[in-house]
Amino acid sequence: MTGAAGLVGAEVTARLAAAGHQVTALVHNNPVLVRNDGTALETGAVTCLPGDVTEPRLGLPEAEYRALAAGGLDRIVHCAAVTDFGLPDEVYQAVNVDGTAHVLELARAGGVPLVHVGTAYVCGERDGLIRETELDEGQRLANAYEDSKFRAETLVHKAQAGGVRAAIVRPSIVVGDERTGVVRDYKNIYVVLKLATEGKVRSIPGQYEARLDLVPVDYVADIITEVTQRFEEAAGRTFHAVGAPLTLRDFSDVMAEYPPFHVPRFIPPTSFDTQRLPRRERVYYERVMTLYESYFRRRMRFDDSHTAGLVTRRPPGDGQDFLRTLIDNCLETGYLGVPMADATEVLARLNITGPNATAAAHATGAPHGTGSTVSDANGVGR
Ligand SMILES: NC(=O)c1ccc[n+]([C@@H]2O[C@H](COP(=O)([O-])OP(=O)(O)OC[C@H]3O[C@@H](n4cnc5c(N)ncnc54)[C@H](OP(=O)(O)O)[C@@H]3O)[C@@H](O)[C@H]2O)c1
């Protein structure tokens, strides 16, 4: 397992270890395996090896590398990557592209099947239905990260033609746990959410019909684990690990349910003018939002027939409900300010108690049992 200490890698490692496998975990800067819920991973069935995918032999001592290639592995799961946006091109090349080449060398040398973790966004800026069987459709890739993942996947396909057995799993935008919303690392889309809800970024170039695809980390880890364990059925195929479709309209509607939040306006990109932004907002826009803005224009929909045919678990059925779960968790942990007061609590402060409280809560239009009107009027929950 490369990238074993990462958000997805730690969850897959935990699942494989729990299923009785001995996992050899390649670790890099961070040697500690922590699960998404913050608990330390049981290391009994896991052997950590310090390494670096940018280096030949994954940076391992020659003897160790040879031992792995000579029967020390049944599968390789390649999760390591740089996933932050806005880094120099050379970093994506070294880690995501050359790193994949080095992993493929080990797979080739040892005759070991490979599960490669890509991204659904190798589709670039294509609109419409994106199939698991498609890769190079002449699409424009939106940034250096997508470009590197596209080239990495192309290397996997070439290696397959040369005899390496591989399956590919492509997650979309990985976020918190489906049931609890808990996420270990608030990165990427979470930063956008924070800037928007705090009102630091009030207008964003985008289309309300654009689609964001948010997928729970536990669902992604389940799919990668299943593909790894049932490799004979998965070999040679690609699996989308994607969530429930959520348009920017859906996104805005959910944000508007939370009284403390600012709701950004999405402005058609052709009429958006950076120069008209207030100076402070322009700084946030130029430093952060420009990295993500193509995600607010795309209208793709990911087909996941291969995944549906292999695993029984399905992604969240309702994108808006899932978004509420994520936001509620961000409020509980303080990432997006303090949690709003519960409706019953707010009504109790107004001396409205008993069975009518629920009806009264509905009358206030309170989302999730929070008294939006009441809390606004009383400054509760800010
Ligand atoms: N997160 C998403 O939204 C998302 C969406 C689609 C696809 N994916 C794909 O899913 C996979 C896992 O992503 P993630 O969210 O778990 O990312 P992550 O939390 O950033 O983890 C990436 C892991 O890769 C390791 N790594 C980075 N450079 C390395 C190097 N030179 N040598 C060895 N290991 C190195 C990191 O170790 P250190 O931190 O110690 O350097 C880290 O453990 C990646 O392939 C990513 O492209 C992620």
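Atoms within each ligand, like the ligands themselves, are counted from 1 in listed order. This chain uses plain numbering: 1 for the first residue, then up along the sequence. None of the values given here were measured: they were computed from a predicted structure.
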Given the rule in the salt bridge (charged side-chain N to carboxylate O under 4.0 Å, His left out) test, do R324 and E257 qualify, once you have shown the distances and angles that lead to the verdict?
CA-CA 9 Å; R324 290 183 188 106; E257 294 172 8; 2.8 Å; yes
Grouping ILVMFWY residues whenever side-chain heavy atoms fall under 4.5 Å, the cluster of V283 otherwise contains none
What pairs of donor and acceptor atoms, side-chain ones from residues 199-207 against any protein atom, are under 3.5 angstrom apart with sequence neighbours left out?
{"from": "K200", "atom 1": "NZ", "to": "E198", "atom 2": "OE1", "distance (Å)": "2.6"}
{"from": "R202", "atom 1": "NE", "to": "G199", "atom 2": "O", "distance (Å)": "3.0"}

Using heavy atoms and a strict 4.0 Å limit, residues surrounding ligand 1 turn out to be G3, A5, G6, L7, V8, H28, N29, N30, D52, V53, T54, C79, A80, A81, T83, V95, V117, G118, T119, Y145, K149, P171, S172, I173, V174, K187
| query | Can R57 and E64 be counted as an ion pair, charged N to O under 4.0 angstrom? | reply | no
Measure from NZ or CZ of R287 to the centre of the six-membered ring of Y285 and say whether it is under 6.0 Å with the direction within 45° of the ring axis.
no
Salt bridge (charged side-chain N to carboxylate O under 4.0 Å, His left out) filter on E55, not counting sequence neighbours, yields none
